[in-house]
Each structure stands twice: as structure tokens, then as C-alpha cells.
Amino acid sequence: MEQSTFKVDKYYIEKVDVDKKSIYCHHNIMGELLVPKHKHKKAQMLYAEGDVVFVTTETKSYFLPARHFIWIPAGLEHSIEPKSEHVMMRNLYFPVEDGEDEFYKKEGIYPVNNLLLQMMLFTNRWNGHLEEGTPNFTIAKAIKAILPQICPTNLPLELPQPKDKRLGKILRHVENNLGETILFSNVAHEFGYSERSLARLFQKDLKMSFIQYYTIRRILKAIELLLERKLSVKEIALEVGYNSVPTFSNTFFKILSQRPSDYFNREEILEQTK
């Protein structure tokens with residue numbers, strides 16, 4: 001494990017930022033390797049194929065599903081952990097330019113549409129620094145340029161990290177009981193709060209309500225189960241506490257703009273490269 005960590009540190013510190021003007025490209029099956037906290041001077045576009053990737057910053061925990069990408073602004077400290085050894089992660093690192101669109105200054109998760117997918121196919125065999133003036137550099141820069149136009153809204157696939165230890169215990173309780181219907185009133189009573197005081201704690205610490213947190217957490221779990229392809233949509237709905245499949249489907253659609261059945265039946269297009 002120490003050897004793997006060394007390789008990761010060396011990769012980020014010595015390769016990504018060594019050429020300030022290049023676009024750096026790195027594709028790899030990451031296995032079970034944890035990429036520890038780090039940051040780089042270039043912005044990162046991380047695309048996942050095959051399973052879920054967890055990206056954690058100081059304040060948020062991002063949930064990156066397959067066929068989506070996360071934009072990580074330059075200088076933002078983060079760690080990366082793929083859920084399984086089958087995850088293919090494709091990375092493009094872009095130097096910061098003067099007068100950039102606001103899009104590039106904020107982290108966010110976005111679906112990959114067909115246009116972007118085809119452009120990503122072009123990067124399959126790339127690795128290392130793409131020098132300015134080369135065809136590959138031009139294609140990579142075009143990928144970056146179209147993002148603000150084709151990614152108008154980022155998906156709410158992140159959850160804030162609690163600062164209050166008491167709240168951390170409550171969130172672990174939610175995590176461990178996603179298959180049950182969790183009522184806010186019962187949670188408040190079990191942990192010794194009035195509903196009003198617990199509601200204030202959620203808003204103050206997490207900047208969201210209990211129901212917002214609970215809903216997103218259930219959908220994130222549902223995505224994990226959909227990607228495993230072991231359960232039907234109906235079974236997954238029950239696993240995350242929905243007794244009604246239409247209610248589950250409608251909630252899923254509000255967050256991801258697609259039905260769980262569509263997500264379940266999607267095709268993996270990008271081939272994994274060794």
C-alpha cells in the first residue's frame with residue numbers, strides 16, 4: 001500500500017504540473033487504489049466508466065457515477081476513491097487561462113452526452129503531456145471549450161461533510177437504515193432533539209434540510225445498486241426505502257433527469273484500455 005501511495009503522489013506532484021502550459025492526460029483502471037488528498041495547479045476533468053467514484057473535498061463528498069464527469073477547479077484539495085477495481089477513470093488536466101468562464105471555477109458533476117462521449121473516445125490512447133500546437137492538444141482544448149455550453153446545470157450528487165459530531169452520528173444512522181422509512185420526528189426523538197432544534201442544526205451545519213439530505217442519500221444508494229445490476233428497479237426502490245416504484249422513479253428523474261429504468265439499461269460505450 002505504501003508503494004501504491006508513493007506512485008500516486010509522484011504522479012500528481014511530478015507529472016501533472018511539470019509543464020505549466022500542456023494539457024495532461026492520464027487514463028487508467030485504478031483498481032482499489034485510494035488517491036490521497038492532493039491538489040494541482042491545473043483544473044481536472046475526471047470521467048468515470050464502470051462504477052462509482054467518490055471524490056472528497058474539505059467540505060463536500062461527491063458521488064461520481066459511471067458515464068458522468070466531475071470538474072475539479074485548479075488548487076482544490078481532494079481525494080479520489082473508486083468503489084471497485086473495475087472503474088476506468090479518464091483524466092484531462094487543463095492549465096488555467098485568463099478570463100475563463102465561471103464554469104471552470106466551480107466544482108460540479110455533469111452527465112456525458114453523446115457529443116462529449118464521442119470526443120472522449122478520441123482520447124482513448126492518449127497519455128502524458130499534450131503539447132500546444134499538436135492535434136491532440138487542439139481536440140482536448142475543444143473538449144474544455146464546449147463544457148459551459150453543453151453542461152448548463154450540475155447534478156446535486158454531493159453531500160456536505162458535517163462539522164458537528166452530533167450530526168455525524170445522525171447521518172450514520174440514516175446511512176445504516178436507508179431500507180427503512182425514516183421519519184424526521186422519530187430521528188429527533190431518538191437523538192434527544194426537538195424537531196425545531198434539529199431542523200436548525202441541519203440548516204446551520206449542512207445548509208440543507210433533513211428531507212433534502214435524506215432524499216439525495218437514498219438516490220445515491222440507488223445509483224450504486226443500479227450499477228451493480230443485481231436487483232430489479234422495484235427491488236432497488238425497496239432497498240432505499242420507497243414502497244412506491246412511481247414515487248422512486250419520479251424522485252430519481254428530478255435529480256438525474258432520467259428514469260432508473262433508463263439508467264439500468266444504458267450501455268457502456270467506452271472500451272477500457274490497458
Side-chain angles (χ1 to χ4, degrees), residues 2-31 33-49 53-60 62 64 68-82 87-110 112 115-152 154 158 270 273-274:
E2 291 180 0
Q3 184 179 8
S4 296
T5 302
F6 171 76
K7 287 181 179 178
V8 170
D9 287 341
K10 181 179 179 181
Y11 155 60
Y12 277 106
I13 294 173
E14 296 185 9
K15 291 187 178 179
V16 173
D17 289 330
V18 69
D19 184 339
K20 296 179 180 179
K21 295 183 179 181
S22 74
I23 296 174
Y24 191 83
C25 178
H26 184 83
H27 301 324
N28 199 8
I29 297 174
M30 295 299 289
L33 183 65
L34 168 68
V35 182
K37 286 183 179 179
H38 64 282
K39 58 184 177 180
H40 25 76
K41 296 177 182 178
K42 293 178 180 177
Q44 179 179 1
M45 179 185 177
L46 166 59
Y47 170 84
E49 186 74 56
V53 175
F54 301 99
V55 179
T56 305
T57 68
E58 184 179 353
T59 59
K60 292 182 180 180
Y62 288 91
L64 178 63
H68 292 71
F69 77 90
I70 183 170
W71 182 264
I72 303 172
L76 180 67
E77 188 174 64
H78 59 283
S79 63
I80 300 171
E81 184 176 7
V87 178
M88 166 64 75
M89 295 200 294
R90 303 182 184 278
N91 300 277
L92 289 173
Y93 299 87
F94 298 95
V96 177
E97 301 177 69
D98 294 334
E100 285 190 329
D101 192 287
E102 287 297 313
F103 175 94
Y104 305 116
K105 300 176 183 178
K106 300 175 183 178
E107 66 266 31
I109 292 177
Y110 306 87
V112 171
L115 171 62
L116 187 54
L117 182 59
Q118 292 304 316
M119 296 184 78
M120 291 298 290
L121 280 170
F122 244 96
T123 75
N124 265 5
R125 300 293 176 180
W126 297 355
N127 264 305
H129 292 281
L130 310 179
E131 302 293 341
E132 191 170 3
T134 64
N136 289 353
F137 183 94
T138 302
I139 294 169
K141 193 168 183 179
I143 291 174
K144 177 185 177 183
I146 66 170
L147 296 182
Q149 282 72 46
I150 66 174
C151 303
N154 61 36
E158 80 275 356
L270 290 186
T273 57
K274 295 181 180 180

Side chain [X], main chain [Y], donor-acceptor under 3.5 Å:
{"X": "Lys41", "Y": "Lys20", "value": "no"}
{"X": "Thr123", "Y": "Trp126", "value": "no"}
{"X": "His129", "Y": "Lys21", "value": "no"}

Gap separating the [atom1] atom of [X] from the [atom2] atom of [Y], nearest 0.5 angstrom:
{"X": "Ile80", "Y": "Lys37", "atom1": "CD1", "atom2": "NZ", "answer": "13.5 Å"}
{"X": "Glu158", "Y": "Thr59", "atom1": "CD", "atom2": "OG1", "answer": "9.0 Å"}
{"X": "Arg90", "Y": "Asn127", "atom1": "CZ", "atom2": "CG", "answer": "9.5 Å"}
{"X": "Asn91", "Y": "Met45", "atom1": "CG", "atom2": "CE", "answer": "10.0 Å"}
{"X": "Gln44", "Y": "Ile70", "atom1": "CD", "atom2": "CD1", "answer": "8.5 Å"}

For a 4.5 angstrom cut-off between non-hydrogen side-chain atoms, does [X] reach [Y]?
{"X": "Phe94", "Y": "Lys42", "value": "no"}
{"X": "Cys25", "Y": "Leu92", "value": "yes"}
{"X": "Phe137", "Y": "Glu131", "value": "no"}
{"X": "Asn154", "Y": "Lys106", "value": "no"}
{"X": "Ile72", "Y": "Tyr93", "value": "no"}

Self-check item: His26 and Tyr24 aromatic ring geometry - parallel, tilted or perpendicular at 30°/60° bounds
Solution: parallel
Quiz item: Can you list the residues that meet the ring-ring contact (aromatic ring centres under 6.0 Å, His included) rule with Tyr110, with sequence neighbours excluded?
Solution: Phe69, Phe103
Quiz item: Mind checking what makes ring-ring contact (aromatic ring centres under 6.0 Å, His included) contact with Phe54, not counting sequence neighbours?
Solution: Phe63
Quiz prompt | Test item: side-chain donor near acceptor, Glu107 and His78, under 3.5 Å | solution = no
Anything under 3.5 Å between a donor and an acceptor, one on a side chain of residues 141-151, the other on a protein residue two or more places apart or in another chain? List them.
from   : atom 1 : to     : atom 2 : distance (Å)
Lys144 : NZ     : Pro95  : O      : 3.4
Lys144 : NZ     : Glu97  : OE2    : 3.4
Lys144 : NZ     : Glu100 : OE2    : 2.4

